[in-house]
Protein chains: 4
Amino acid sequence: MNKRNAVPLRRYGTWFRLTRVSDGGNGAVTDTESGSAQPAPQKRADARRNQQRLLDAAAAAFITSGVDAPVRDIATKAGVGVGTIYRHFPTRADLIVAVYRHQVEACAEAGPTLLAESSTPHTALARWIDLFVDFLVTKHGLAEALQSDDAAFENLHAYFLDRLVPVCAQLLDAAATAGEIVRDLDAYELLRGVGNLCIGAGNDSRYDARRLVALLIAGLRLR
Amino acid sequence: MNKRNAVPLRRYGTWFRLTRVSDGGNGAVTDTESGSAQPAPQKRADARRNQQRLLDAAAAAFITSGVDAPVRDIATKAGVGVGTIYRHFPTRADLIVAVYRHQVEACAEAGPTLLAESSTPHTALARWIDLFVDFLVTKHGLAEALQSDDAAFENLHAYFLDRLVPVCAQLLDAAATAGEIVRDLDAYELLRGVGNLCIGAGNDSRYDARRLVALLIAGLRLR
Amino acid sequence: MNKRNAVPLRRYGTWFRLTRVSDGGNGAVTDTESGSAQPAPQKRADARRNQQRLLDAAAAAFITSGVDAPVRDIATKAGVGVGTIYRHFPTRADLIVAVYRHQVEACAEAGPTLLAESSTPHTALARWIDLFVDFLVTKHGLAEALQSDDAAFENLHAYFLDRLVPVCAQLLDAAATAGEIVRDLDAYELLRGVGNLCIGAGNDSRYDARRLVALLIAGLRLR
Amino acid sequence: MNKRNAVPLRRYGTWFRLTRVSDGGNGAVTDTESGSAQPAPQKRADARRNQQRLLDAAAAAFITSGVDAPVRDIATKAGVGVGTIYRHFPTRADLIVAVYRHQVEACAEAGPTLLAESSTPHTALARWIDLFVDFLVTKHGLAEALQSDDAAFENLHAYFLDRLVPVCAQLLDAAATAGEIVRDLDAYELLRGVGNLCIGAGNDSRYDARRLVALLIAGLRLR
DNA sequence: TATGAATGAGTGTTCATTCAT
DNA sequence: GATGAATGAACACTCATTCAT
């Protein structure tokens, strides 16, 4: 996870694009193992294997049935008992976060890179938002979960906001400072709006979330 | 919501009449406007009272728990037995449509009026969309239901689309013809986007759906 | 009802046979109107009309859905409110008895006639049982109700037994006295057995209740 | 029930083996006969205990309320949650078949044995029918279910007919070949009739199904 | 530590029966 | 008397979560 800054931005673009095509095996990794000392005695091998199988199964189930997929379905798909899921991920939010952590991190880290590489801050913002949309649109039910006020999703909200709001704020600020956009909107509100526009996008061929998000971003421009 | 006064009140009269045309016998006609001497076979007073209490309770429950609100909760809130709900509204879609019919009709009818009264078509569009947002923002479960692919909501979709898409299309068309906006977006997609932006708006004080919708409409403008 | 003895037996045979073909409008009549003095001031005409429509509707519903047919279905079919049913027939058993009274009476009265007309008592018994089977086989659910221990059917049991057991006993006794059959079986048990053999006979083309009943009666014969 | 001792007990061993062949994983194998050293993956002890309690409770409930007994009643009687029933027996037919499988198998297997052991085929038939009656008379709901046209019971019908009709046919055929009985009746119809005669036998002290069945079988004899 | 059996609250829906109009 | 609106008990079935093994 620390190595990732070395990966050129375009990688991320590709990554997200690949994601759209064949996501699911997104190699989620928990924070624990990216700790300080790699040679430290890692968890038992079978425990880690289970954790990985669980994440793969959950990712697959989330695609099929949304992030509300029945726990038992995920367990069956992973070839473990339901108890094992609860051991590794006490709440559903924990599981969802673990499944999508990689991609959220990648998205967060793409912000500064895009800002550095793009011709204008507004372009960087638009491209970054595209990344976020590409992510959400392919995760059925995630956008819904992000706006749900179900207490079970609190950790999920917290994680997404912690990681993405500062990045988005930086991009918005840069664009505003450059005089490209209004100062009307804070990062939280923008992300929420973009997230909402992604809801149900996968079910409805007549609805293209990307087009609407692009209009929203265009609407930010000062005239 | 203050803008709604722009829609003449008489519209509401028409409104009820239209309601009766496509009604399934549950038009939730309030006493107020049907006056005293109607030759139509009036329902029993208690039945009509219950019907109204049911609609009120359902509207409240939909806000709290979405349009999936348990039937029993609605019945309890209305102070009636569950059987009474099924008597008045055999399917859930019947109940949802009945709850929102008045406002949908009012919204639909406001379109042409606004177009006639506003300085430009784009202004009319923006004001009409405001009306729609004002409606949706207070009906939290509704926006979610409108994007759900649950078969129970098919009639709901059909009703909303039948009534609102043509109106929105007329407004979009007028604005495009006037050279004010792009032709990028069809009415269905715009309504869907606006509907999505309204999801969860009532639960989150940091999120103002109206502001985001305004940006979206601004984004339609030709530069 | 008192006139009926004047009707020759073969009438009854025809009647039952006709019943099998086109029963349903079986003209059930309550005891009340066959009282002592015809010129007495009868019930209001509409009340009697309702009663008759109810019986016709119930007979039809019993054929379609068995004697468990939903009360509201019967009411709807009769064009009356459910309350009217309960007024006329406080329990389901009352309704069933009223519907079938004519035929039960006819069957009961056929016993002595057959005994007088048949070549032997055993023949009379067999023919009388045939009458009973013909009756039951065409009344879906009735045989089931007759053996049900549901308290709602108590009156039904009582009525059937009161009317038919003595007749059957008379026939059995005559045959036993003539040395044709064993004395193993009392009338109650025989009727119960015959009733049971009729259960479900209408639903199953591979099952002919008449044939089995015939075997049972044959089994009574002394060897 | 005392005659059942005529069926050698070893049969019951065979019985269980047969059970396993066509079993859906719920063969209700008691501990007693599977001994200690079985290589098969044993179920958890509590699960097996529950399964047995469930079968006992279901058998009892079926007697009381018929095979339509409410799932929750059975669960309560067994001291388990309703979910446990659905885990073990996904459909009601599964539960019914499991409850009666042992006895149906025993009955089926008794046919050839009785034929071999009895003095005449007709005697064998009578004794076998007695076995069947002894079985049914104590399962009050069962006889009703066997004639029900409810789709939920289709598998039940199929199972009973598959197992018992061929056995009965063999016995009938032997007796007919021996010139003892008429060829009037096929095995299906006979079993259906016997089953019907058993309906409600347990509730009514004035009604002895065995006596009536004996008369029916006697009626088959050639005179 | 892993398993998956058990739990039971939650939900939609039907229908006999009562009773206000 | 007649009506039919209202009631609510009853039932099947699902699934998140706990905990004995």
Side-chain angles (χ1 to χ4, degrees), chain A residues 43-44 46-47 49-51 54 68-76 78-88 90-92 152, chain B residues 42-51 53-54 65 68-76 78-88 90-92 152, chain C residues 43-44 46-47 49-51 54 68-76 78-88 90-92 152, chain D residues 41-51 53-54 65 68-76 78-92 152:
Chain A
K43 290 191 152 179
R44 267 174 35 189
D46 62 334
R49 193 165 44 243
N50 269 344
Q51 177 128 348
L54 225 27
D68 292 318
V71 177
R72 187 167 290 109
D73 288 0
I74 302 173
T76 302
V80 305
V82 288
T84 305
I85 295 192
Y86 283 95
R87 168 175 298 277
H88 286 288
T91 75
R92 182 175 289 269
Chain B
Q42 298 285 334
K43 286 189 145 176
R44 256 170 54 177
D46 60 340
R48 297 178 57 201
R49 191 166 44 244
N50 272 340
Q51 177 130 347
R53 287 165 72 183
L54 226 26
S65 323
D68 290 319
V71 176
R72 197 171 278 107
D73 288 359
I74 301 174
T76 302
V80 304
V82 289
T84 304
I85 294 193
Y86 285 97
R87 166 177 291 274
H88 287 286
T91 74
R92 182 174 288 269
Chain C
K43 287 192 155 181
R44 267 173 38 186
D46 62 336
R49 192 164 44 243
N50 270 344
Q51 177 129 350
L54 226 26
D68 292 318
V71 177
R72 186 167 291 108
D73 288 0
I74 301 172
T76 301
V80 304
V82 287
T84 304
I85 294 191
Y86 283 96
R87 166 173 300 276
H88 287 288
T91 74
R92 183 175 289 269
Chain D
Q42 299 283 335
K43 285 189 148 178
R44 258 171 51 178
D46 59 340
R48 298 178 56 202
R49 190 165 45 243
N50 272 340
Q51 176 128 351
R53 287 164 71 183
L54 226 26
S65 323
D68 290 319
V71 176
R72 195 170 278 105
D73 287 0
I74 301 174
T76 302
V80 304
V82 288
T84 304
I85 295 192
Y86 285 99
R87 166 179 291 276
H88 287 286
F89 309 102
T91 75
R92 183 175 287 269

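Throughout, protein chains are lettered first and strands after them, A, B, ... in sequence-line order, and every chain is numbered starting at 1.
- Distance, B:R48 CZ to E:dA20 C1': 17 Å, rounded to whole Å.
- Listed nucleotides E:dA16, E:dA5, F:dA12 differ in distance to D:V71; the shortest reach to its side chain belongs to F:dA12.
- Summarising the geometry of C:A78 relative to C:L54, their closest heavy-atom pair is CB-CD1, 3.6 Å, with the distance given to 0.1 Å.
- When the P atom of E:dA16 is taken as reference, atom CG of C:D68 falls 9 Å away, rounded to whole Å.
- When the side-chain nitrogen and oxygen atoms of D:H88 are compared with OP1 and OP2 of E:dA6, one or more of them lie within a distance under 4.0 Å.
- In terms of position along DNA chain E, the nucleotide closest to A:V82 lies nearer the 5' end than the nucleotide closest to the other residue of the pair C:P90 and A:V82.
- C:L54 places its CG atom 14 Å from the C1' atom of F:dG1, with the value rounded to the nearest Å.
- For E:dA5, neither phosphate oxygen OP1 nor OP2 lies less than 4.0 angstrom from any side-chain nitrogen or oxygen of D:N50.
- Nearest-nucleotide positions on DNA chain E for A:V80 and B:Y86 put A:V80 closer to the 5' end.
- To the nearest angstrom, P of E:dA2 lies 10 Å from CD of A:Q51.
- Contact check for D:R72 versus D:I85: no side-chain heavy atoms found under the 4.5 Å cut-off.
- For B:R72, whose side chain is taken as the heavy atoms from C-beta onward, the closest listed nucleotide among E:dG12, E:dG4, F:dA5 is E:dG12.
- Figure legend. F:dT21 is base-paired to E:dA2; pairs are counted as Watson-Crick or G-U wobble with both atom distances under 3.5 Å.
- When both distances must be under 3.5 Å, the Watson-Crick or G-U wobble mate of E:dT11 is F:dA12.
- Computed from coordinates, the B:R49 CZ to F:dT7 P distance equals 11 Å when rounded to whole Å.
- Where A:A69 and D:P70 each meet DNA chain F at their nearest nucleotide, the meeting point lying more 5' is that of D:P70.
- Checking F:dT7, E:dA6, E:dT1 against every side-chain atom of B:T84, the shortest atom distance belongs to F:dT7.
- Between D:D46 atom CG and F:dT21 atom P the separation is 6 Å, expressed in whole Å.
- Not one side-chain nitrogen or oxygen of D:R87 sits closer than 4.0 Å to the OP1 or OP2 atom of E:dG4.
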